[in-house]
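All values derive from a computational prediction rather than experimental measurement. First listed ligand is number 1; within each ligand, the first listed atom is number 1.
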Amino acid sequence: MTQSWKVENFLEINNGILRIDHIDATELAREYGTPLFVVSEKQLHSNIERLLKIREVIDRPLKISYAAKAMSTMGILRSVREAGIDIEVNSGGELWKALKAGFRGDQINFNGNSKEVWELELAITNEIYAIQVDSLYELSLIAETAERLGKRANVSLRLVPEIESHTHSGLQTALLTSKFGMMPNEAYEAFRQYKDSPHIAMTGIHLHVGSQNPDPQVYTDAFLSLFESLKLIRKETGLKLQHVNIGGGFPVNYIGDEAVEGIPTEINEMLSATFEPADAIRDAWAAVQDSAAGTDLLDDITILIEPGRSIIADTTICLTTVRNTKSRPVSESKIQNPESTIDNWLLTDAGFNILLSMETYKWYYHLISATRPNEPHDTPYKVAGPLCDGGDVYFDIEGQNRLPDHRMLPDNVKPGEVLALLNCGAYSLSQASQYNGRFLPPVVLIRENGELELIRRRDTFADLINNDI
Ligand code: PLP
């Protein structure tokens, strides 16, 4: 691969070393140790600015709610809040963290398909913007809880409109085969039952098509489908809703402008998807306005989006050190090139304990040498993490063809060399575990003014047993 990962003033090469926001990556690795997550606040805020451009293409209020599940380290939540946007949470724990990070109740949406009463209580007491309801049963639980608290809960119904996205099957969320949301007829029933409830304020409808959607058309499909629901709800119940929430899912280009060799075209296309969210929403909004001609349904509507990946993924680099190497003969059946019958293995300190998607979804994170980013990355290696699992590898072992067979790095990589996994901010640390007694890694935020802030320290021995009795 060429150096298409470079981003001016963010990911560069200086004196032959990878530089992140003008700071040498190897220096950071030395100071904080590895594995280490390094986050660029400048990139974070620029991603938010890019999404705020959606305001210029729709003449209605826009609420952007950062999907906290993507990464919810407190320093990140605070930085997101400082950038002026809102937040989407998926549990009582994330809701509590959002409040702690300074978000007001009216800045919070709460998703999730198995909410507990204590979580609903927290949401209702804090008068959050919307509890996104997943079933008729859950709605009855919300009504009961709100009545007990003497409150009125704001709710929005999550619909499953059967919209397919060409993303990874585990990231699809708007199909009837997925576990989320309510079918449209259940939703109409809910509106009929609760429209006059003193304890439920029906404020909106919601859907989320999926994550890393490669095709912007799904946002038009989603918006049109929500609009059809708005019309039917009006017809059946007389209600005019205040908001529609079209979810998150804007893609991140994980591989620059060059395809990864050894994986199928459609996966390369999914991983390199790039479109401007503002363009997708402009087209979706135009299509909806066409079908809304003659109605007042959209006159006072607020539009919500809840992106996670497109805000945080490309802000973060995971630095990892090669801790061990070995060479092995390639098994007879796998020899592709008679001249390379030996596999060189690199064993790093970053495994699926901190990059779970690499195992569960066989997700591709581009890997470069932070010590020698300028040298040709033309030597194939089998790269693997430190866990006591054969599946803890940076390549595909199950013939799913989602990851390349080898990773390309400079010649002669030795223990001690620092490598960088790029675009690691989303669904990584937030899914991490202490599996194998491994410490959760530290996170360094490079502030917009260039200052370094350690926003999460590395776990200690004590953290490994904190909750054990
Ligand atoms: N909203 C909901 C309901 C989700 O399930 C997700 C993630 O799957 C998101 C928002 C964020 O999606 P993304 O990180 O792809 O923007």
Side-chain angles (χ1 to χ4, degrees), residues 44 47-48 50-51 54 63-72 76-77 80 85-91 94-95 98 108-115 123 128-135 138 155-161 163-175 178-182 204-216 218-219 222-223 226 243-254 270-271 273-278 280-281 303-316 356-357 360-361 363 423-431:
L44 176 73
N47 289 340
I48 292 174
R50 175 178 178 230
L51 290 163
I54 297 175
K63 241 170 125 52
I64 302 180
S65 303
Y66 169 62
K69 69 194 78 134
M71 183 173 189
S72 64
I76 299 299
L77 298 188
V80 165
I85 62 169
D86 300 333
I87 192 161
E88 181 259 352
V89 298
N90 208 63
S91 68
E94 275 183 1
L95 173 52
I108 303 175
N109 309 324
F110 180 14
N111 259 300
N113 59 264
S114 302
K115 301 183 194 78
I128 71 165
Y129 184 80
I131 302 174
Q132 308 197 142
V133 181
D134 201 72
S135 72
E138 186 179 88
V155 305
S156 155
L157 302 194
R158 178 161 182 176
L159 309 179
V160 269
I163 295 173
E164 184 160 13
S165 162
H166 296 288
T167 185
H168 189 290
S169 57
L171 302 179
Q172 298 264 6
T173 53
L175 296 175
S178 92
K179 65 175 182 162
F180 301 103
M182 304 166 82
I205 45 178
H206 167 231
L207 64 79
H208 170 72
V209 180
S211 196
Q212 185 72 10
N213 297 312
D215 180 0
V218 293
Y219 291 94
F223 220 151
L226 283 174
H243 77 257
V244 289
N245 179 341
I246 45 182
F250 302 118
V252 167
N253 185 344
Y254 282 83
M270 188 264 288
L271 289 169
T274 32
F275 58 78
E276 281 306 311
I281 302 299
I303 294 160
L304 259 83
I305 55 170
E306 41 187 40
R309 191 184 295 277
S310 54
I311 290 183
I312 195 72
D314 68 359
T315 65
T316 303
L356 187 62
S357 304
T360 52
Y361 295 157
W363 200 261
N423 303 305
C424 282
Y427 308 103
S428 51
L429 189 60
S430 58
Q431 299 182 341

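- Between the side chain of Thr316 and the backbone N or O of Cys424, no donor-acceptor pair lies under 3.5 Å.
- A heavy-atom distance below 4.5 Å is found between the side chains of Ile246 and Leu226.
- For the pair Phe250 and Ile311, the minimum side-chain heavy-atom distance is 4.5 Å or more.
- Closest to atom 5 (O) of ligand 1 by heavy atom, among Gln132, Glu88, His208, is His208.
- Checked by distance only, ligand 1 and Ala67 stay at 3.5 Å or farther apart across all their nitrogen or oxygen atoms.
- By the 30° and 60° cut-offs, the orientation of the rings of Tyr129 relative to His243 is tilted.
- The shortest N or O to N or O distance between Tyr427 and ligand 1 is below 3.5 Å.
- With respect to Asn245, the side chain to side chain donor-acceptor pair (under 3.5 Å) criterion is satisfied by exactly one of Lys63, Gln132, Arg158: Gln132.
- Atoms of ligand 1 lying under 4.0 Å from any heavy atom of Pro307, numbered from 1 in the order shown and given with element: 16 (O).
- Taking 4.0 Å as the cut-off, Gly249 counts as a neighbour of ligand 1 on heavy-atom distance.
- No N or O atom of Asn111 sits closer than 3.5 Å to an N or O atom of ligand 1.
- Backbone and side-chain nitrogen or oxygen atoms of Gly210 are examined, and none is located within less than 3.5 angstrom of a nitrogen or oxygen of ligand 1.
- Between Lys115 and Glu138, at least one side-chain N (NZ, or NE/NH1/NH2) sits under 4.0 Å from a carboxylate O, which counts as a salt bridge.
- Of the heavy atoms in Ser211, both backbone and side-chain atoms come closer than 4.0 Å to ligand 1.
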